[in-house]
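Let me begin by presenting the structure, written as structure tokens, before commenting on it.
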Amino acid sequence: MIVFGRLPDRASSMKERVFSGIQPTGEMHIGNYFGAVVNYVRLQEQHDCIYSIVDYHAITVEHDPKFLPAKVLSMAADLLACGIDPKRAILFVQSHVPEHTELAWIFNCLTSFGDLGRMTQFKDKSEQQEFVSAGLFDYPVLQAADILLYRASKVPVGEDQLQHLELARRIARRFNGRFGEFFPEVEPILSEAPRLMSPADPGQKMSKSLGDKHYIGVMEPEASIREKIKTAVTDVGPRGEQMSPGVANLFLILKLSADSKLYAELEQAYQAGTLRYVRLKEAVAESLLGMLRPLQARRRELEKDLGSVRLVLEDGASRAREIAQQNMKEIRRLMGVGPESLKA
RNA sequence: AGGCCCGUAGCUCAACUGGAAGAGCACCGGACUCCAAAUCCGGGGGUUGGGGGUUCAAAUCCUCCCGGGCCUGCCA
């Protein structure tokens, strides 16, 4: 197979389009960062990326309107601080482009009730909620609309999202078959996405919802990050053959944030049985903080100038809207709805 | 539209016929530990969903409101 170099000219039109949605959780943790955000940043190089802060997804479970806007803005600032470049990628807020929900409705009518009921994430999440909204049930359909509204063909996802992506493909296929070829085949970009575990309970995935001790925020103050690493669980019983989950988790953070020499050195010490965990923890804290400091500095700058973040989102929304409106026009035509369809 | 049940600490729940609101887990501090975990010692935490009423006394009884779950019916 012949591999061509990058085509300089028509590169932008040749680039594959990537879409990804990020929930405005309020505080990005290093699990989100290493698991997803670094990929977003990397993908900007070679792809036409559209990143959306998905507030319509956030309201599928109980939320407080008083805090949502601040969470959205904060997530935007975090993403920019982490290296999302608004000159190369589109960053916008989902609800600022109403076509998302319009397309979701159309897709609702192409989605089987049974399929949605089989979504494992719905089953998990609905058990945790006392009030299960129809929106929570419908979540994957909105997600399909998010992606396909821009006719994106690549979606960076974790394994837990594959089922939803498969549904998006089914929906697209059904639409294409019934109303005309319009949507591309969506492919996952499965990265080697490291799964960071909770420092306080390494048996569980790092997550905000488990509590304060169970995640390390990307923008968290140094003292607090140090404390969480220092008190991280290591060996729960006598040291066995295999590295315990807690220690493995610390090594994983080290691997992701430190230079390989230090990692190799400590790994060797571990194998030799001479590694003191205090030393490991200090190294992890130092290298993680070393990596986070520039991001935190940029984040502080943005905090002083949230107006510029708002501008980025405005510009992003208008660029996204342009694509969305154009595609939606065609989708309506194919479906036989909208004012255009009545014109002779 | 009608009927039944529920709401107590962050979570799961307890509190007899009305009689001083409690436990487990979680959280915080200390001991122990290379650090943690486990264990031990100590600690904080509640307008009992909200308003009104009955009573010497209400988580408990009455009433209205809010929120949630379930059943039946009606309509598009």
Side-chain angles (χ1 to χ4, degrees), chain A residues 23 25-27 29-31 58-68 71 105-106 108-109 111 113 116-117 122-139 194-217 220-258 262-292 337:
Chain A
Q23 283 233 27
T25 51
E27 204 180 344
H29 59 67
I30 61 172
I59 62 171
T60 56
V61 293
E62 214 181 296
H63 84 291
D64 191 339
K66 220 164 49 194
F67 301 121
L68 187 56
K71 286 179 167 184
W105 179 259
I106 289 172
N108 271 332
C109 302
T111 305
F113 185 84
L116 286 180
F122 170 74
K123 290 194 265 187
D124 290 347
K125 276 193 161 180
S126 57
E127 273 171 28
Q128 295 161 20
Q129 300 293 126
E130 64 171 6
F131 177 78
V132 178
S133 74
L136 186 65
F137 185 65
D138 202 40
Y139 191 113
R195 270 171 74 89
L196 292 203
M197 308 309 275
S198 154
D201 183 2
Q204 303 197 70
K205 202 172 85 173
M206 181 176 290
S207 155
K208 258 195 95 177
S209 56
L210 290 174
D212 188 59
K213 300 198 316 179
H214 297 272
Y215 71 95
I216 294 169
E220 205 172 310
E222 289 207 16
S224 165
I225 291 179
R226 281 213 162 79
E227 179 68 13
K228 284 181 185 178
I229 291 171
K230 185 176 164 262
T231 59
V233 172
T234 56
D235 295 331
V236 286
R239 202 181 132 170
E241 302 259 310
Q242 270 207 321
M243 197 183 272
S244 64
V247 176
N249 196 39
L250 288 168
F251 267 107
L252 180 56
I253 297 172
L254 190 68
K255 187 177 194 171
L256 292 166
S257 61
L262 178 61
Y263 176 81
E265 184 196 325
L266 292 176
E267 233 253 305
Q268 211 171 5
Y270 175 84
Q271 296 301 345
T274 58
L275 180 65
R276 294 182 154 234
Y277 290 143
V278 200
R279 173 145 179 258
L280 173 63
K281 287 179 172 181
E282 272 162 14
V284 169
E286 278 319 310
S287 55
L288 180 63
L289 284 169
M291 205 214 73
L292 293 181
V337 298

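Owing to the predicted nature of the structure, the values given are computational and were not obtained by experimental measurement. Residue numbers begin at 1 in each chain, while the letters A, B, ... track the order of the sequences.
Summary of the strand contacts: A:V132 and A:A232 both lie near RNA chain B, and taking for each the nucleotide with the nearest heavy atom, the more 5' one is attributed to A:A232. A residue-by-residue look at A:E227 and A:R276 shows that A:E227 has its nearest nucleotide of RNA chain B further toward the 5' end.
Salt-bridge annotation for A:E265 and A:R279: present, with a side-chain N of the basic residue lying under 4.0 Å from a carboxylate O of the acidic one. For the pair A:K228 and A:D212, the salt-bridge criterion is met [side-chain N within less than 4.0 Å of a carboxylate O].
The partner of B:U48 is absent, by the rule that a Watson-Crick or G-U pair needs both atom distances under 3.5 Å. Both distances falling under 3.5 Å, in either a Watson-Crick or a G-U wobble arrangement, place B:U39 opposite B:A31. Nucleotide B:G7 is matched to B:C66 when pairs are restricted to Watson-Crick or G-U wobble geometry with both distances under 3.5 angstrom. Base pairing of B:C74 is not made with any nucleotide, judged by Watson-Crick or G-U wobble geometry with both donor-acceptor distances under 3.5 Å. Checking B:A23 for Watson-Crick or G-U wobble geometry (two distances, each under 3.5 Å) identifies B:U12 as its partner.
The side chain of A:K213 has B:C27 as its nearest neighbour among B:C27, B:A36, B:G69. Here the side chain of A:F131 is nearest to one of B:C35, B:A36, B:G69, namely B:G69. Distances from the side chain of A:E130 to the nucleotides B:C35, B:C34, B:G68 place B:G68 closest. Checking B:G68, B:A36, B:C34 against every side-chain atom of A:T234, the shortest atom distance belongs to B:A36.
Residue A:K125 places its NZ atom among more than 12 non-hydrogen atoms of other residues, nucleotides or ligands, all under 6.0 Å distant. Shown here is A:K205, whose NZ atom has no more than 12 heavy atoms of other residues, nucleotides or ligands within 6.0 Å. Environment of CD in A:Q129: crowded, with over 12 heavy atoms of neighbouring residues, nucleotides or ligands closer than 6.0 Å.
Nucleotides B:U8 and B:A14 place their P atoms 10 Å apart, quoted to the nearest Å. Nucleotides B:G67 and B:G50, compared at atom C1', are 11 Å apart to the nearest Å. The gap from the P atom of B:C4 to that of B:G51 amounts to 26 Å, rounded to the nearest Å. With both ends at atom C1', the span from B:A38 to B:U60 equals 41 Å, rounded to whole Å. The separation of B:U48 from B:A21, taken at their P atoms, amounts to 10 Å, rounded to a whole angstrom. B:C62 and B:G7 are spaced 14 Å apart, taking the P atom of each and rounding to whole Å. For the C1' atoms, the distance from B:G43 to B:C66 is 35 Å, rounded to whole Å. One P atom belongs to B:C6, the other to B:G49, and the distance between them is 13 Å to the nearest Å.
With rounding to whole Å, A:E127 atom CD is found 14 Å from B:U12 atom P. Atom pair A:K281:NZ and B:C35:P shows a separation of 9 Å (rounding to whole Å applied). In this structure, CG of A:N249 is placed 13 Å from C1' of B:A36, rounded to the nearest angstrom. Atom CD1 of A:I229 and atom P of B:C34 are 21 Å apart (whole Å). Here the P atom of nucleotide B:C11 and the CG atom of A:D201 are 19 Å apart, to the nearest Å. Look at CE on A:M197: it is 17 Å from C1' on B:A36, rounded to the nearest Å. One atom, NZ of A:K228, and another, C1' of B:C35, lie 18 Å apart when rounded to the nearest Å. Here the C1' atom of nucleotide B:G68 and the CD atom of A:Q129 are 12 Å apart, to the nearest Å.
Looking at A:K230, its side chain has no donor and acceptor atom pair within 3.5 Å of the base of B:C35.
Under the 3.5 Å distance criterion, the side-chain polar atoms of A:T60 are left unmatched by any main-chain donor or acceptor of A:G135. With hydrogens and angles ignored, the 3.5 Å screen pairs no side-chain donor or acceptor of A:K71 with any backbone N or O of A:Q23.
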